[in-house]
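The next block holds one structure in the form of structure tokens; read it before the comments.
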Amino acid sequence: MKIIDHELYYEFRIANDVKMIYTKKPFSLNLRELSNDNLNFVPKSKKIKYLKQLHTDIIYKAEDDFINFQEGDGLISSSLDVALVAYFADCLPIYFYDSVKKIIGLIHSGYKGSFNLIILKMLFMFEKMGSTFEDLKIVFGPYNRSCCYEVSEVFLKEVSNKFSKDLLDTSFAKRDGKIYFDNGSFNLSVLSSFNLNIYNSKLCTYCLKNLYSYRRLRKGQSYALIWRI
């Protein structure tokens, strides 16, 4: 994967026929303001599709007639004419592309969505639409990583009975008496038994001052977008 640093966004290039981007500041739009005019780097021919995100494991198939602002946290589409959009402050954006079937997907994966295994639900939706795992390309965009994402003992205890020790050891780190969580590492471990092409941007929303971080700024958001070219 090649990461291209544009003025307004980072681009994650894994193929020539798909666009995956993550916006920098100063984008701060109301959901209803998401449009080709306000996101003017999106081609005018693309219909912008988005959700009211509530940290769920709900995923929709978003074709040309999909109605925006439904409640959920994942979109999948086989249409050339749509651009999928999700908004982020520190959570993990996960982009999907089937380079053979030409299907795109996008997940907003906060820790609640991750712990409800939304990534597996998306994976099996691709399979249901005819994808084979070997053809999928998955990109983990910027998020608040374990270098900065401090959590409480209670947070760790709440998931300790739900997941294996190996998975927890991969996802949590202890330094100087503090506990840190890495959402990307958690999802990578969930997918470890599958033969998948996964790319990690290694960008941290908290460390990079040109990205929004709720923990750092307490306001604003960035946008992840994917569309076919």
Side-chain angles (χ1 to χ4, degrees), residues 1 10 12 14 20-23 31 49-62 70-77 84-98 103-127 131 133 136-151 155-156 158-159 162-163 167-168 170-173 180-194 196-208 211-215 221-226:
M1 177 178 70
Y10 287 102
F12 311 115
I14 48 92
M20 301 177 178
I21 69 176
Y22 190 90
T23 64
L31 260 187
K49 304 297 181 181
Y50 60 87
L51 297 166
K52 180 182 180 182
Q53 298 167 195
L54 295 174
H55 295 278
T56 68
D57 62 349
I58 299 171
I59 301 171
Y60 294 89
K61 188 175 180 183
Q70 298 184 64
E71 295 180 356
D73 289 85
L75 293 168
I76 185 172
S77 181
L84 307 181
V85 184
Y87 51 96
F88 297 84
D90 275 316
C91 296
L92 170 64
I94 309 176
Y95 308 77
F96 292 76
Y97 182 53
D98 181 333
I103 304 171
I104 56 175
L106 182 62
I107 288 176
H108 164 257
S109 190
Y111 73 85
K112 291 181 181 179
S114 294
F115 293 160
N116 283 322
L117 305 179
I118 188 173
I119 197 168
L120 289 183
K121 189 171 183 179
M122 178 67 88
L123 193 64
F124 296 136
M125 286 186 73
F126 268 88
E127 186 178 46
S131 295
F133 295 155
L136 285 180
K137 299 179 186 295
I138 301 172
V139 174
F140 288 9
Y143 64 97
N144 191 347
R145 296 171 180 264
S146 60
C147 52
C148 307
Y149 190 4
E150 183 182 352
V151 297
F155 181 95
L156 175 57
E158 285 178 350
V159 296
K162 188 173 181 180
F163 301 106
L167 179 54
L168 295 174
T170 301
S171 310
F172 290 86
Y180 297 86
F181 173 62
D182 195 290
N183 201 352
S185 295
F186 178 88
N187 282 280
L188 280 171
S189 295
V190 168
L191 297 180
S192 61
S193 60
F194 299 93
L196 297 166
N197 300 303
I198 302 175
Y199 307 86
N200 192 336
S201 71
K202 298 183 180 180
L203 302 177
C204 177
T205 53
Y206 193 93
C207 291
L208 288 173
L211 297 177
Y212 280 118
S213 168
Y214 177 78
R215 289 199 165 204
Q221 55 196 12
S222 291
Y223 301 90
L225 301 95
I226 180 171

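All values below were derived from every heavy atom in this structure, side-chain atoms included, with hydrogens, water molecules and symmetry-related copies excluded. This one's a predicted model, so the numbers in the text were calculated from it and none came from an experiment. Numbering of residues begins at 1 and proceeds along the displayed sequence.
- Looking at Ser222 and Pro142, their side chains never come closer than 4.5 Å, going by heavy atoms from C-beta outward.
- For the side chain to side chain contact (heavy atoms under 4.5 Å, CB included) test, residues two or more places apart in sequence or in another chain that qualify with Asn197 are Tyr199.
- Put simply, the side chain of Asn144 never gets that close to the backbone of Asp90: no donor and acceptor are under 3.5 Å apart.
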- Message: Before you tell me yes or no, could you show the steps for Ile138 and Met122 under side chain to side chain contact (heavy atoms under 4.5 Å, CB included), namely the whole-Å CA-CA distance, both residues' side-chain angles and the distance that decides it to 0.1 Å?
- Response: CA-CA 11 Å; Ile138 301 172; Met122 178 67 88; over 6 Å; no
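- Every residue was checked against the ring-ring contact (aromatic ring centres under 6.0 Å, His included) condition with Tyr214, not counting sequence neighbours, and none meets it.
- Although no hydrogens or angles enter the test, the distance criterion places a donor-acceptor pair under 3.5 Å between the side chain of Tyr87 and the main chain of Gln53.
- The local environment of NZ in Lys121 is crowded, with over 12 non-hydrogen atoms from other residues, nucleotides or ligands closer than 6.0 Å.
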Given side chain to side chain contact (heavy atoms under 4.5 Å, CB included), test Phe172 with Val151 step by step and report yes or no. CA-CA 9 Å; Phe172 290 86; Val151 297; 4.0 Å; yes
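- Considering only residues two or more places apart in sequence or on other chains, Phe194 meets the ring-ring contact (aromatic ring centres under 6.0 Å, His included) condition with Phe133.
- When atom types are taken as modelled, the side chain of Asn116 and the backbone of Ile118 share no donor-acceptor pair closer than 3.5 angstrom.
- Arg215 contributes a side-chain N or O that, together with a main-chain N or O of Glu150, makes up a donor-acceptor pair within less than 3.5 Å.
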Between Ser109 and Ser114, does the side-chain hydrogen bond (donor to acceptor under 3.5 Å, both in side chains) criterion hold? Intermediate values first, please. CA-CA 6 Å; Ser109 190; Ser114 294; 2.6 Å; yes
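- Applying the ring-ring contact (aromatic ring centres under 6.0 Å, His included) criterion to Tyr149, with sequence neighbours excluded, gives Phe181.
- Residues that satisfy the ring-ring contact (aromatic ring centres under 6.0 Å, His included) test with Phe96, not counting sequence neighbours, are Phe126.
- The aromatic ring centroids of Phe115 and Phe163 lie less than 6.0 Å from each other.
- Residues Leu84 and Ser77 form a side-chain contact, since some pair of their non-hydrogen atoms from C-beta on lies under 4.5 Å apart.
- Of the possible polar contacts, one joining the Asp73 side chain to the His55 backbone as a donor-acceptor pair under 3.5 Å is found.
- Residues Thr205 and Tyr22 have side chains in contact (heavy-atom distance under 4.5 Å, counting atoms from C-beta outward).
- Between the side chain of Ser189 and the main chain of Leu167, no donor-acceptor pair closer than 3.5 Å is present.
- With hydrogens and angles ignored, the 3.5 Å screen pairs a side-chain donor or acceptor of Tyr95 with a backbone N or O of Ile21.
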Just do the ring pair (Phe, Tyr, Trp, His ring centres under 6.0 Å) check on Phe155 and Tyr111 with the steps written out, would you? CA-CA 10 Å; Phe155 181 95; Tyr111 73 85; 4.8 Å; yes
Go through the steps to decide whether Ser185 and Ser146 satisfy the test side chain to side chain contact (heavy atoms under 4.5 Å, CB included), and finish with yes or no.
CA-CA 9 Å; Ser185 295; Ser146 60; 5.9 Å; no
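- The aromatic rings of Phe88 and His108 sit tilted, their planes meeting at an angle between 30° and 60°.
- Proximity of Ile103 to Ser131: side-chain heavy atoms (C-beta onward) are separated by under 4.5 Å at one or more points.
- Between Leu196 and Leu123 the shortest side-chain heavy-atom distance falls below 4.5 Å.
- Taking the side chain to side chain contact (heavy atoms under 4.5 Å, CB included) definition, one finds that Ile58 meets it with Thr56, Tyr60, sequence neighbours left out.
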